[in-house]
Amino acid sequence: MNHSLSLKSKILTLAVTMVLIVLALEGMLRITMPNWRDFYNGRFMRQLQIPGYGTLMTGKPGFEGYFAQNNGDFRIRIKI
């Protein structure tokens, strides 16, 4: 009996395996870093409704922290 897989099934197996690995890594990151919020601007910005102008975004007074992208592209200190 020949148990070799066809090229199509090998590619499908590889694709499914890679998706499962990515999902597993995402789950591990969410467990080890549950509070990663450095890339969320809602920590230091607020919305104000101004009659006649609409919604404005302003900084939250007293905020001191970092705004960073989780892949390391940038990390900026912000003090308002």
Side-chain angles (χ1 to χ4, degrees):
M1 284 178 103
N2 187 358
H3 293 285
S4 65
L5 297 174
S6 69
L7 180 61
K8 191 175 187 178
S9 62
K10 286 180 183 178
I11 292 172
L12 181 62
T13 302
L14 178 64
V16 169
T17 303
M18 295 198 51
V19 168
L20 291 175
I21 288 171
V22 167
L23 291 175
L25 289 173
E26 177 72 20
M28 287 189 294
L29 279 175
R30 288 181 186 260
I31 290 169
T32 59
M33 298 177 70
N35 296 320
W36 175 264
R37 298 188 56 178
D38 283 352
F39 194 54
Y40 175 59
N41 70 352
R43 295 180 314 123
F44 59 88
M45 298 294 289
R46 65 181 176 178
Q47 289 185 352
L48 297 176
Q49 296 291 332
I50 308 297
Y53 290 99
T55 303
L56 299 177
M57 296 291 288
T58 64
K60 290 181 183 175
F63 176 84
E64 187 171 348
Y66 289 91
F67 183 55
Q69 191 165 356
N70 60 356
N71 65 5
D73 278 352
F74 63 86
R75 185 170 192 242
I76 301 168
R77 184 171 186 266
I78 298 175
K79 184 176 181 181
I80 301 174

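These numbers were taken from a predicted model, which means no experiment stands behind them.
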Would you call the rings of Phe67 and Phe74 parallel, tilted or perpendicular if under 30° counts as parallel and over 60° as perpendicular? tilted
If you group Ile, Leu, Val, Met, Phe, Trp and Tyr by side-chain heavy-atom gaps below 4.5 Å, do Ile76 and Phe63 land in one group? yes
Honestly curious: do Ile78 and Met57 fall in one hydrophobic cluster under the side-chain, below-4.5 Å linking rule? yes
According to the salt bridge (charged side-chain N to carboxylate O under 4.0 Å, His left out) rule, which pairs have a member within residues 55-64, sequence neighbours left out? Glu64-Arg77
Starting at NZ of Lys8, measure out to CD1 of Ile11 and round the result to the nearest 0.5 Å. 9.5 Å
By side chain to side chain contact (heavy atoms under 4.5 Å, CB included), which residues pair with Thr58, not counting sequence neighbours? Arg46, Leu48
Value rounded to 0.5 Å, distance of CG in Leu12 from CG in Leu7: 11.0 Å
Co-members of Leu23 in a cluster of I, L, V, M, F, W and Y side chains, linked at under 4.5 Å: Val19
